[in-house]
Amino acid sequence: MNILRELRSRFKTALQEFADDPASFANLVRPSQDAKFGDFQANCAMPLAKKTKTNPRELAAQIVERLDVADLCEEPDIAGPGFINLRLKNDWLQQHVNRLAGDERLGVAPTVAPRTFVVDFSAPNVAKPMHVGHLRSSVIGDSLCRVLSFLGHKVIGDNHIGDWGTQFGMIIFGFKNFLDETAYASDPVGELARLYRLVSQLSDYHATKARLPTMRETLGENQQAVESTEAAADPADKKARKALGKARSELGELKQAIGESEKKIEAVDNDSALKALAESCPDIADRARQETAKLHAGDEENNRLWNDFIPQCLAALQSMYDRLDIHFDESLGESYYNPLLADVVADLKQKGIATESEGAVCVFLEGNAAPFIVQKTDGAFTYATTDLATIKHRVEKFQADVILYVVDARQGEHFKLLFSAANKWGYSDTELRHVSFGTILGNDRRPFKTRSGDTVGLESLIDEAVVRARAIVDENDQTKKDADGNPAPERAEDERAAVAEIVGVGGIKYADLRHNRESDYVFSWDKMLANTGDTATYMQYAYARVCGIFRRGNVDRETVRSSPVAIELASDTERALAVQLSRFSEAIDSVVFDYRPNILTDYLFATANSFSTFFAECPVLKAETDELRTSRLKLCDLTARVLAQGLQLLGIQTTERM
RNA sequence: GCGCCCGUAGCUCAGCUGGAUAGAGCAACGGACUUCUAAUCCGUAGGUCGGAGGUUCGAAUCCUCCCGGGCGUGCCA
């Protein structure tokens with residue numbers, strides 16, 4: 001049972017005669033912001049009084065008169081301008097917590113209206129190893145899948161892998177020209193990644209070199225323009241000043257871009273082997289593009305190579321997902337949709353939705369300046385085409401009610417166009433939703449750039465997290481002493497390793513999930529790998545402490561759970577923990593409302609915090625009476641289950657000892 | 001030019017549909033291990049919520065303008 005929902009429904013009834021739309025005012029019942037105001041507060045009297053031009057405190061009193069919550073709450077308080085403060089009755093709360101303790105779903109009822117969700121997330125490019133940039137989509141998407149299916153929805157997690165784009169032309173070109181056979185034999189995926197980087201670097205080298213003179217020329221022109229504007233500028237003219245400021249900052253950017261370009265060129269020029277390679281193929285970009293075109297056109301050799309590469313790349317990705325405990329129900333790459341694209345464009349044209357413009361086939365959408373290009377001048381299809389084909393497929397194969405795209409906010413405009421194109425095309429019954437997220441920034445507050453190589457590889461990030469966790473596990477275990485004060489480590493090597501892996505991986509996922517998905521965040525090793533404060537470790541530790549109590553007391557959790565002795569809330573600390581535990585279902589509901597896993601991380605942190613206070617203040621095994629001991633054991637068991645379930649919904653594992 | 005987003009404590013971030021004295025974590029400072037795991041707990045200090053107006057009984061939240069920053073913007077995905 002969701003107490004908040006129950007209270008809202010009680011308020012809805014009470015508000016019937018005061019408002020036309022009692023439900024919207026009933027929604028103003030919230031968890032209290034401060035425990036001193038009780039457990040819940042209703043903020044509906046003030047806006048309602050404004051509407052009806054009455055005194056808010058008097059109206060609050062009238063609402064309270066109509067309100068039937070006597071079974072759940074103490075007599076409501078009216079405070080301040082007209083807040084109605086509600087405090088759950090201890091008796092009722094006790095009963096409620098006892099019900100929760102016996103409930104496998106911990107108070108989270110399955111949805112009454114199950115829907116079919118396709119969740120599009122992760123979507124890495126097989127040509128490149130995964131880096132921190134892939135973390136957000138993977139971790140948020142996986143968590144949303146878990147939460148939605150826990151609520152009883154049908155969920156298809158779909159990894160829309162990039163396996164067909166221009167990067168493959170580069171790999172194929174590299175494979176044909178620069179292959180290191182020994183390296184390929186021992187680490188094929190590593191060698192393919194090297195080839196990709198190499199070809200990409202060389203094409204970039206030529207492109208940059210070609211572009212540089214124009215850039216310098218522009219720089220000179222702009223500099224002159226700025227100088228002459230400066231001389232003529234009227235300091236009182238705000239607009240002119242602003243324009244000048246902008247021109248200056250653009251000049252700075254251009255200078256920086258030139259600097260970066262020079263560096264790129266130098267990097268190749270200073271390496272004689274690279275330089276020789278670069279000189280041997282000045283038209284590398286074109287030739288790589290041709291390989292892509294040949295692949296797409298069905299060229300036998302390129303398709304054979306592609307078929308050789310893909311399984312190995314996929315296997316490498318899979319081992320990453322295994323380690324992260326991330327799962328998909330479907331994994332159809334762009335290549336899967338390739339054969340369907342021509343029909344998509346033909347259909348769009350035939351229905352008059354797409355038209356030719358400047359040689360490309362476009363869908364023009366009202367209110368959008370940019371067209372949605374489904375076929376380029378050279379005949380090639382774009383990811384816009386693929387995305388449309390994918391929607392068609394998902395609706396036809398899964399009868400999707402909702403498709404969630406867990407994708408970078410920078411692609412917002414693409415999705416806006418995609419959704420309205422799909423709508424026009426006839427897929428208006430399916431809810432399409434861009435669950436966008438912010439960018440991971442470097443220390444300079446600029447997005448990590450794949451090209452410049454300053455991104456952090458996901459594998460090395462996880463390795464480092466595990467190493468740090470392992471150091472603490474070792475230290476803790478080695479300082480353990482027996483009754484005589486002699487060192488007495490308890491853990492075997494494999495157990496220590498397993499704990500370190502769970503703590504390390506969990507920490508990284510949590511560090512990402514705890515941010516509001518919309519905001520950008522600054523990446524920092526230390527924050528990612530922290531294990532004090534608001535971290536996964538904190539929750540895992542609370543869980544392990546519960547397990548420790550049961551272990552130390554030699555108590556079986558199932559047995560306690562079925563004991564007839566009830567939980568009694570003997571202190572404020574226990575009451576606070578009970579209230580917190582009873583809010584689990586509210587937290588889950590809020591996560592789904594706007595697809596925000598950080599609400600769940602907040603909730604779990606608060607829960608673990610409540611428990612840690614309880615742990616410090618309330619002896620369990622040495623409680624004053626047997627009844628209290630059992631009561632507290634039950635509370636511990638419930639806490640552990642909520643924590644484990646909550647973490648599981650975030651994709652984070654727990655361990656019985658740490 | 002147009003569009004989207006951001007600016008909250010020294011640092012990193014929460015703040016739900018407008019609610020009471022704006023909250024966490026880290027860092028700092030002070031306390032707590034002969035007692036169930038101190039990866040912990042309790043406490044102190046730290047704010048002109050970028051600025052100015054406006055709407056409102058009430059604004060970090062909504063509106064307008066300004067300042068500062070990011071991202072995207074016809075053929076990459």
Side-chain angles (χ1 to χ4, degrees), chain A residues 24 27-28 30-34 36-37 41 43 46-47 49-50 56 79-83 85 123 125 162 164-167 238 242 245 249 334 357-362 368-378 380 382-384 386-387 408-414 416 436 438-439 441 445-447 469 472-473 475-476 480 503 514-516 518-522 524 526-527 530-535 537-538 540-542 544-553 590 593-594 596 598-599 601-602 605-606 608-609 612-623 632 636 657-658:
Chain A
S24 70
N27 278 343
L28 296 174
R30 305 282 164 77
S32 284
Q33 291 206 324
D34 192 316
K36 77 180 174 217
F37 298 131
Q41 63 183 64
N43 304 335
M46 290 86 77
K50 182 162 52 177
F83 294 103
N85 289 335
N125 198 306
W164 197 244
T166 45
Q167 349 72 24
K238 249 196 207 164
K242 197 179 163 188
S249 84
E334 293 169 326
S357 163
E358 295 176 30
V361 183
C362 304
N368 294 286
F372 195 57
I373 298 177
V374 292
Q375 190 167 20
K376 298 191 283 184
T377 323
D378 65 2
T382 69
Y383 75 134
T386 312
D387 280 351
D408 198 302
R410 286 172 291 185
Q411 292 192 45
E413 201 155 4
H414 166 70
K416 196 177 145 213
S436 77
T439 312
L441 308 172
R445 290 202 153 261
R446 287 174 170 266
I472 299 172
V473 172
E475 196 197 323
N476 285 352
K480 288 236 168 71
V503 171
R514 77 189 211 88
H515 293 93
N516 181 328
E518 302 267 19
S519 21
D520 297 347
Y521 73 87
V522 177
S524 122
D526 285 336
K527 259 190 301 156
N531 41 40
T532 60
D534 186 4
T535 61
T537 313
Y538 183 74
Q540 290 168 324
Y541 184 62
R545 296 222 276 191
V546 172
C547 295
I549 291 172
F550 283 91
R551 201 182 315 116
R552 177 62 74 97
S590 305
F593 176 74
D594 201 25
R596 294 186 187 277
N598 71 305
I599 291 171
T601 62
D602 272 3
F605 179 62
N609 198 230
S612 297
T613 305
F614 163 86
F615 185 88
E617 289 180 8
C618 304
V620 178
L621 295 173
K622 293 185 180 170
R632 287 182 174 164
C636 285
R657 302 177 195 234
M658 284 172 70

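Chain letters run A, B, ... following the sequence lines, proteins first and then strands; every chain starts at 1.
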Rounded to the nearest angstrom, tell me the gap between atom CG in A:N476 and atom C1' in B:rC33.
14 Å
Under the side-chain hydrogen bond (donor to acceptor under 3.5 Å, both in side chains) criterion, do A:H414 and A:D387 qualify, and how do the steps go?
CA-CA 10 Å; A:H414 166 70; A:D387 280 351; 2.7 Å; yes
Distance check, C1' atoms only: B:rG15 and B:rA9, in whole angstrom units.
14 Å
Expressed in angstrom and rounded to an integer, what is the separation of A:I549 atom CD1 from B:rC36 atom C1'?
5 Å
Please report the distance separating the P of B:rA20 from the corresponding atom of B:rA77, rounded so that it comes out in whole Å.
49 Å
Can you find a heavy atom in the side chain of A:R632 that is under 4.5 Å from one in the side chain of A:C618?
yes
Go along nucleotides 72-77 of chain B 5' to 3' and tag each nucleotide: B for a protein heavy atom under 4.0 Å from its base, S when only backbone or sugar atoms are that close, - otherwise.
S-BBSB
Go through B:rG70, B:rU40, B:rU35 for me and flag the one nearest to the A:S612 side chain.
B:rU40
Determine the Euclidean distance between corresponding P atoms of B:rC11 and B:rG30; express it in Å to zero decimal places.
23 Å
What is the distance, to the nearest angstrom, from the CG atom on A:L441 to the C1' atom on B:rC71?
10 Å
Interatomic distance, A:Y521 OH vs B:rC5 C1' [rounded to whole Å]
18 Å
What is the base-pairing partner of B:rG3, counting Watson-Crick and G-U wobble geometry with both distances under 3.5 Å?
B:rC71
Mind calculating the distance between CD (A:Q540) and P (B:rA38) to the nearest angstrom?
17 Å
If you measure from the C1' atom in B:rG72 to the same atom in B:rC57, how many Å do you get, rounded?
42 Å
Does the side chain of A:S436 come within less than 4.5 Å of A:Q411's, by heavy atoms?
no
Between the CD atom in A:E358 and the CD1 atom in A:I373, the distance rounded to the nearest 0.5 Å is 8.5 Å
Establish, with yes or no, whether the OP1 or OP2 oxygen of B:rU37 is under 4.0 angstrom from a side-chain nitrogen or oxygen of A:R552.
yes
Have a look at A:C618 and say if it touches a base, only the backbone sugar-phosphate, or nothing, with a 4.0 Å heavy-atom cut-off.
base
Nucleotide paired to B:rC76 in any strand shown, Watson-Crick or G-U, under 3.5 Å
none
Considering only the P atoms, how many Å lie between B:rU56 and B:rG51, rounded to the nearest integer?
23 Å
Whole-angstrom distance between B:rA60 and B:rU17, as gauged at atom C1'
15 Å
Say you draw a straight line from CZ of A:R551 to CZ of A:R657; how long is it, rounded to the nearest 0.5 Å?
4.5 Å
Atom pair distance, as rounded to whole Å: CG in A:N598 and C1' in B:rC13:
10 Å
Assess the pair A:F37 and A:F83: is the distance between their ring centroids shorter than 6.0 Å?
no
When you match A:K416 and A:M658 each to their closest nucleotide on RNA chain B, which lands nearer the 5' end?
A:K416
For the CZ atom of A:R410 and the OG1 atom of A:T439, what is their distance to the nearest 0.5 Å?
4.0 Å
Let's test this: given Watson-Crick or G-U wobble pairing with both distances under 3.5 Å, identify the partner of B:rG18.
none
Could you tell me the separation between the OH atom of A:Y538 and the P atom of B:rA39, rounded to a whole number of Å?
13 Å
Identify the heavy atoms of A:F614 and A:C636 that sit nearest to each other, and give their distance.
CE2-SG, 3.7 Å
Establish, with yes or no, whether the OP1 or OP2 oxygen of B:rC42 is under 4.0 angstrom from a side-chain nitrogen or oxygen of A:T613.
yes
At 4.0 Å (heavy atoms only), tell me whether A:V620 reaches a base, stays on the sugar-phosphate, or touches nothing.
base
Is A:R514 close to A:D602 at the side-chain level, that is, under 4.5 Å between some pair of heavy atoms?
no
Quote, to the nearest angstrom, the P distance that separates B:rU8 from B:rG69.
15 Å
A:V473 near the nucleic acid: base, sugar-phosphate alone, or nothing, with a heavy-atom cut-off under 4.0 Å?
base
Tell me, do A:P56 and A:P81 make a side-chain contact under 4.5 Å, heavy atoms counted?
no
Taking the P atom of each, how far is B:rC49 from B:rA22, in whole Å?
10 Å
Between A:N516 (CG) and B:rU8 (C1'), how many Å, whole number?
14 Å
Quick one, A:V473 and A:M658 - any side-chain contact, counting heavy atoms below 4.5 Å?
no
Find the partner of B:rU40: check Watson-Crick (N1-N3 plus N6-O4 or O6-N4) and G-U wobble (N1-O2, O6-N3) distances, both under 3.5 Å, and reply none if neither fits.
B:rA32
Comparing A:S590 and A:A409 on RNA chain B - which has the more 5′ nearest nucleotide:
A:S590
Can you tell if the side chain of A:I549 reaches within under 4.5 Å of the side chain of A:F615, non-hydrogen atoms only?
yes
Can you check whether any acceptor in the base of B:rA14 is under 3.5 Å from a donor in the side chain of A:D602, or vice versa?
no
Watson-Crick/G-U partner (both atom distances under 3.5 Å) of B:rC62:
B:rG54
What does the B/S/- profile of nucleotides 17-28 of chain B look like, 5' to 3', with a 4.0 Å heavy-atom cutoff to protein?
B-BBB--SSS--
